[in-house]
Amino acid sequence: MSELSYVGKSFRRKDGPDKVTGKAMYAQDVKLANTLIGRILRSPHPHARIVRIDTARARALPGVKAVITVEDTKGIKHGFVETPRYPPDQEVLARGKVVHVGEEIAAVAAVDQLTAQRALELIEIEYQPLPAVFEPEEAMQPGAPEIHRSHPKYEGPHANIGGNTETAWGDVEKGFAESDYVREDRFECQLRTHGYLEPQATLAHWENDKLNVWTSSMGSFVKRAKLAKTLDLPYSSVRIHKTYVGGTFGGKIDLYSHEYCAARLSMITGRPVQVVASREEIFSAYRHAQPLILEIKTGVKKDGTLVAQRIRAINNAGAYRGSGVVVIFLAWGFTMIPYRIPNLKYEGLSVYTNHTVRAPQRGHGAPKVRLAIESQLDMIAEALGIDPIAIRLRNARGPGERLPNGDDTHNCGLSDCIRLAAERSGFLDKFGRDRKSPPSGTIRRGIGIGVSAYMGGTLIYPNGSGVIVKMNDDGSAVVLTGAIDIGQGSETVISQIVAEELSIGMDDVRIISSDTDTTPQDIGAWISGMTYVTGNAARQAASNARDKLLQVAAEKMGVTVDQLVLKDKIVCHRLDPERRMTYREVIAHSVATRRGDTVIGEGYWRTMRDEANHPSLATTKGRWTENYAFSTQVAEVEVDIETGEARLVKALTVHDCGFPINPALVKGQIDGQISMALGHAFMEEVITKDGYTLNPNWLDYRMPTIHNMAISEDVDVITEQYRVGQPYRSKEVGEGLVSGILAAIANAVYDATGVRLHSTPFTAEKILGGLKRLQYQAKTARQAKTEPVRA
Amino acid sequence: MILLDFGYERAATLQQAAAWLARLGDGAHVLAGGTDLLPSLRAELVSPGVLVGLSGIEPEPPRLTADGSIRIDALTRLSSLAHAGLVREKLPMLADSALAVGSNQIREMATLGGNLCQETRCLYLNQRHDYQFAAPCFKRGGDCCHPFPRNDRQTCWSVHMSDIAPALIALGAELEILGGAGMRRIGAAELYTGSGLQPLSLGRAELVRAVIVPPPPPRSGWGFHKSTVRGGLEFGMAVIAVSLQLAEDGASCCGARIAVGAVRERPLRLESAERALVGARLDDERLARVAPDAAKALNPLPHHGFTRRHLLDNVAVYLRRALAQAAERARTGRA
Ligand SMILES: Cc1cc2nc3c(=O)[nH]c(=O)nc-3n(C[C@H](O)[C@H](O)[C@H](O)COP(=O)(O)OP(=O)(O)OC[C@H]3O[C@@H](n4cnc5c(N)ncnc54)[C@H](O)[C@@H]3O)c2cc1C
Ligand code: SF4
């Protein structure tokens, strides 16, 4: 719609000037007088019984103001998931036993860093080490060291099962029997972490029976709920303040022990307490993403039509439940969305190991699942002599298709994405080129494709967002929203929507955000739904204020509302623009005639008004979302076949993101995800040994730098529209695009070299190993041909 | 955050620094740019009572000496080393090796002397030990070696990862060492002992004062390569530096110096490979034969997640390429 003035345009970010001038206040920048330094004592063992803790010497150290252990807590547990099936499972400080290196055991508050450090050294703990286990497939064996009892509802033979997801439709066995070609593969992923630049940091101040908290987070209301619960305080006694956030990528959801400790230490001392995690702590004791093992068996017809697929996902879930049971549920979703598969069986197991707890990381399992499925699909296509584009188009879901869980794909633009991606990249011209006629030199180029789909705004606490738009009497507006801007640009997007609905300028919109006392509840920036859920709430709130403005103006002007239009803070008659009132006049009139009504708009939104609170993690029953985003991504890589070194040269993203409210922010999300995917593909890995982290620093955990960035191009397939006053649909764009490109890179490496990689990262060593195997196979094949056949 | 109490003295001259070191004994440590030492302090790998700061001493700019050598002050920051006109022109390999170090910010602080005297590295060592690897390893004065449990207490397989040391060795550089007993001069390779526990041959109060690089001989060429995963802000997986000199016939080799860093407790000179090249024609076939043998002779230590196998493969390819490039430069006379 060309009518739009703000929505659909690339407005500059509202937070940009603060950030580039250094004015933005992050949690660590908030300073209060008399602040104490909090530090955490962590477990040096991956698995051990705690026989004795003695804090007396630490308490006696001058300058130490408080020391806490689990005995100083209410013993209220918390968990990433808190449902009847998966009740909270983690204490805020270890009780009786530790289950991973770095687990929090005690905390101190002292007058300075050095004293806090000495206090930690003075806490005496006697441990009785227990056998530990780190690989999920070992931990699953009956008789493996027991980290926790398997889930009571799990009936299988395995040990250490934190939770499982099982589902099926159709009849896979029959499907395999009817298939012309069946293959089985196994894929594995490395342990990766989020790499947020701002460390975990919390400042807590208990004052006048109120806990004030500044913490680096991605959802203030989740933090409030969990802090209040574990501290046994009413929500009204806990206030999470707004701070800027320097990156999260999934790593700052949920309650962290240091947040509890800062709060509890402040409640004991009556002084502000600040805890800032060191980068080493973040790498060696905090939450990382989840390495999945995926076993996948797929059957197809000769023409490439998918007939049956069976997937088993095993999650190395770390030492508590964390988001481990969520990722095995979501892995199912990422399996079933993009392609039509009539017979499917899925099993996901979340296995406890003596690793740190897991958190979602951008894509929450999708990159790993799509890597497996899309890699195997290329192998199938090659075996059948079909090209990668044709096999995808043959199986891609179309608009309005029913999904097995009762959802439907709505305006699904997947086929357009695939077609456009092929066209724009010249895919079929480039595909196979260097394998067919290898160029001179050692560099080989390859192209690969990957498809993905992602849901947005799935239901989980707090399930919905509210927004309030308050008109100022000059016609500008203040927006109260719980939305937290973690860098994705939510404040900019909300401003655009409010400006559009109210027909006021971007600079007329002021946002007050993510403060649990002054702003309405919000879903938070972690389930890919903010632009859709909070955005619609903002739209509704602004449109509510707009309706009021129109009514007041209509009354005063003696016309009906539908005869009026809004333009640049003026209400005027549609046919006679000279009949007009400024917003200032309208609001003054409202105050005068409506008992002081200053015009306040309210809005709220929730995904799927008819659905229960969340789908079943165990059985997958239940709808999740109204919005599925679809994407197709193409990677072009270069590989040096002498050294095995590979790099991403070019990425193309074609995606159906619904309607882009701010195209520049969408582009920013795409580019960020490309760089994250190439880190996953080629360089990043948290290297551990026996539960200890070997590379707890930026030097040895290699995230891509500017030198590694690839050209990133993108094309939107627009399937939704934005109309003023109407609900709109936008789709997920912030985390689904790590997946297709990762698979595309794997397929491109194959295209360049003939080496099929089954595990990330695609190191030079693995690629070179693959090339050597191919050479060896070629040599033995030649020998076999030349050797006379012996009778 | 560094959680130690220590004193700080700022030296006005290098002589003064050496004298303080001699007086203060083991409790003192010199601080040049601090980019290697400060992380070690943070990790409590060293806990000096006093830091003797060198940042108050203005380094002399690189200069040509009477015999045509280039003398470079050890306190020269790597950013100026990389961009100094004289160094770029006469010793482009040295400038490139300095440019390979860390990042812009690191090079602005880091000094040449500090680079050569940096600690050896090991994934189990370069971190705090409050709850990870709390038991001290041999290098920290303890009783075990985490990655190599079968090592004995004389053996530490940490690796020396300087990018510049291999270049200096390949250029035949010498070092001026300043100590209580005055000045001595050693070959660059002699700075290193080959022990991961005690990597430097310097006495307690000795300091590197300057680096002296002889002028590259006629018909010579160089090759330098730092193998990395992401191509920057990263220590090397292997660092290869080569100088070759061609005989007057312009085809056979009459001098070779090859050094490889980051894969052993010290930067290693590969003398057997040098011998295999001297007197021979530098054709592709020979280079392809020499390089893998040299990699094997190097006997790389697995480090930082890289296997021995992969280091062998990587060094074999890049050594061959560096040699080919050096030969090409020697032939064409291009820098
Ligand atoms: C993020 C990061 C990346 C890095 N990347 C690289 C890299 O890629 N390649 C690389 O080679 N290094 C790298 N380093 C290590 C280090 O920065 C460099 O080696 C640097 O040149 C050290 O110089 P400095 O002046 O900062 O040394 P300092 O830290 O001041 O000193 C290092 C050691 O040398 C001693 N010392 C200093 N000067 C002298 C002297 N004149 N005589 C005797 N002893 C002396 C000190 O006492 C100390 O023990 C990196 C460091 C960091 C933090
Ligand atoms: S190799 Fe050396 S530094 Fe590394 S753990 Fe062993 S003794 Fe310590």
Side-chain angles (χ1 to χ4, degrees), chain A residues 37 39-45 101-103 105 112-118 120-121 276 278-281 283-285 442 640 642-645 647 678-679 682-685 687 689-700 702-708 761 763-766 768-769 772, chain B residues 1-6 35-36 39 42-44 102-104 106 121-135 146-147 149 161 225 227-238 288 291 302-321:
Chain A
I37 299 299
R39 293 268 325 255
I40 312 281
L41 183 75
R42 301 180 176 280
S43 166
H45 297 286
V101 171
E103 182 168 0
I105 300 171
D112 58 30
Q113 287 280 358
L114 212 54
T115 311
Q117 167 72 14
R118 299 233 161 93
L120 293 186
E121 288 161 9
V276 179
S278 72
R279 187 55 60 180
E280 288 190 27
E281 282 179 294
F283 271 112
S284 58
T442 62
D640 183 329
E642 258 188 355
T643 64
E645 291 160 323
R647 69 186 190 97
L678 80 87
F682 297 118
M683 45 195 88
E684 290 177 38
E685 177 165 14
I687 311 172
K689 183 167 186 246
D690 299 343
Y692 298 94
T693 301
L694 298 187
N695 53 344
N697 58 62
W698 293 124
L699 263 177
D700 298 316
R702 297 185 188 84
M703 304 222 319
T705 71
I706 189 76
H707 302 296
N708 308 111
T763 58
E765 178 160 14
K766 284 184 201 164
L768 198 56
K772 284 187 195 164
Chain B
M1 176 132 338
I2 293 170
L3 297 172
L4 286 174
D5 272 333
F6 53 81
T35 58
D36 185 56
R42 215 187 141 272
E44 293 178 40
S103 63
N104 270 323
I106 295 288
R121 301 181 70 84
C122 160
L123 286 181
Y124 297 75
L125 181 72
N126 297 108
Q127 52 172 290
R128 284 185 60 84
H129 295 90
D130 29 14
Y131 56 90
Q132 290 227 111
F133 307 109
H146 300 287
M161 304 187 87
H225 176 78
S227 287
T228 60
V229 172
R230 66 176 169 191
L233 192 47
E234 186 178 8
F235 279 95
M237 169 173 133
H303 72 91
H304 294 83
F306 304 110
T307 63
R308 191 183 123 81
R309 176 76 259 160
H310 187 61
L311 292 171
L312 280 171
D313 286 340
N314 187 274
V315 171
V317 174
Y318 278 111
L319 179 55
R320 196 195 70 224
R321 291 182 184 178

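Because only heavy atoms are used, hydrogens play no part in the values below, and waters and symmetry mates are left out as well, while side chains stay in. Chain naming here is simple, since letters A, B, ... match the order of the sequence lines and numbering starts at 1 in each.
Contacts between Phe283(A) and chain B at a heavy-atom distance below 4.5 Å are absent for every atom of the residue. Heavy atoms of Arg647(A) lying under 4.5 Å from chain B are absent altogether. Within the 4.5 angstrom heavy-atom criterion, no atom of Asp112(A) approaches chain B. In this structure, the portions of Thr693(A) lying under 4.5 Å from any heavy atom of chain B include both its backbone and its side chain. With a threshold of 4.5 angstrom between heavy atoms, Ser103(B) does not approach chain A through any atom at all. Contact annotation for Glu121(A): neither backbone nor side-chain heavy atoms come within less than 4.5 Å of a heavy atom of chain B. Neither the backbone nor the side chain of Lys766(A) comes within contact range of chain B, judged by heavy atoms closer than 4.5 Å. Using a 4.5 Å cut-off between heavy atoms, Ala764(A) touches chain B through backbone and side chain atoms alike. With a 4.5 angstrom heavy-atom cutoff, His146(B) touches chain A only via backbone atoms.
Arg321(B) has its side chain within reach of Thr442(A): a pair of non-hydrogen atoms, C-beta onward, lies under 4.5 Å apart. At least one side-chain heavy atom of Arg42(B) sits under 4.5 Å from a side-chain heavy atom of Ser278(A).
Heavy-atom pairs under 4.5 Å with chain B were tallied for His707(A), Gln113(A), Glu280(A); the largest tally goes to Glu280(A). Across Lys689(A), Arg118(A), Glu685(A), the residue that shares the most heavy-atom pairs under 4.5 angstrom with chain B is Lys689(A). Ranked by non-hydrogen atom pairs under 4.5 Å with chain B, the options Ile706(A), Asp690(A), Asp640(A), Leu120(A) are led by Asp640(A).
We find that Arg128(B) and Glu281(A) are not joined by a salt bridge, their nearest charged nitrogen and carboxylate oxygen being 4.0 Å or further apart. Here Arg309(B) does not pair with Glu765(A) in a salt bridge; the nearest charged N to carboxylate O distance is not below 4.0 Å.
If you take SG on Cys122(B) and CG on Leu694(A), they are separated by 8.5 Å, rounding to the nearest 0.5 Å. Here OH of Tyr318(B) is found 3.5 Å from CD of Glu645(A). Values are rounded to the nearest 0.5 Å. Atom NE2 in His304(B) sits 9.5 Å away from atom CG in Asn695(A) (nearest 0.5 Å). Annotation: the span from Leu123(B) atom CG to Asn697(A) atom CG amounts to 8.0 Å, rounded to 0.5 Å. Atoms CD and CG, on Gln117(A) and Asp130(B) in that order, are 6.0 Å from each other to the nearest 0.5 Å. Between atom CG of residue Asn126(B) and atom CG of residue Leu699(A) there is a gap of 9.0 Å, rounded to the nearest 0.5 Å.
The side chain to side chain contact (heavy atoms under 4.5 Å, CB included) search around Ser43(A) returns His45(A), Val98(A), Glu103(A), Ile105(A), not counting sequence neighbours. His310(B) meets the ring-ring contact (aromatic ring centres under 6.0 Å, His included) test with no other residue; sequence neighbours excluded.
Of all heavy-atom pairs between Tyr131(B) and Tyr692(A), the closest is O-CE2, 3.8 Å. Closest approach of Leu3(B) and Leu114(A) over heavy atoms only: C-CD1, 3.2 Å.
With hydrogens and angles ignored, the 3.5 Å screen pairs no side-chain donor or acceptor of Arg230(B) with any backbone N or O of Met683(A).
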Begin from the C-alpha positions of Gln132(B) and Arg42(A) and carry the test side chain to side chain contact (heavy atoms under 4.5 Å, CB included) through to its verdict.
CA-CA 9 Å; Gln132(B) 290 227 111; Arg42(A) 301 180 176 280; over 6 Å; no
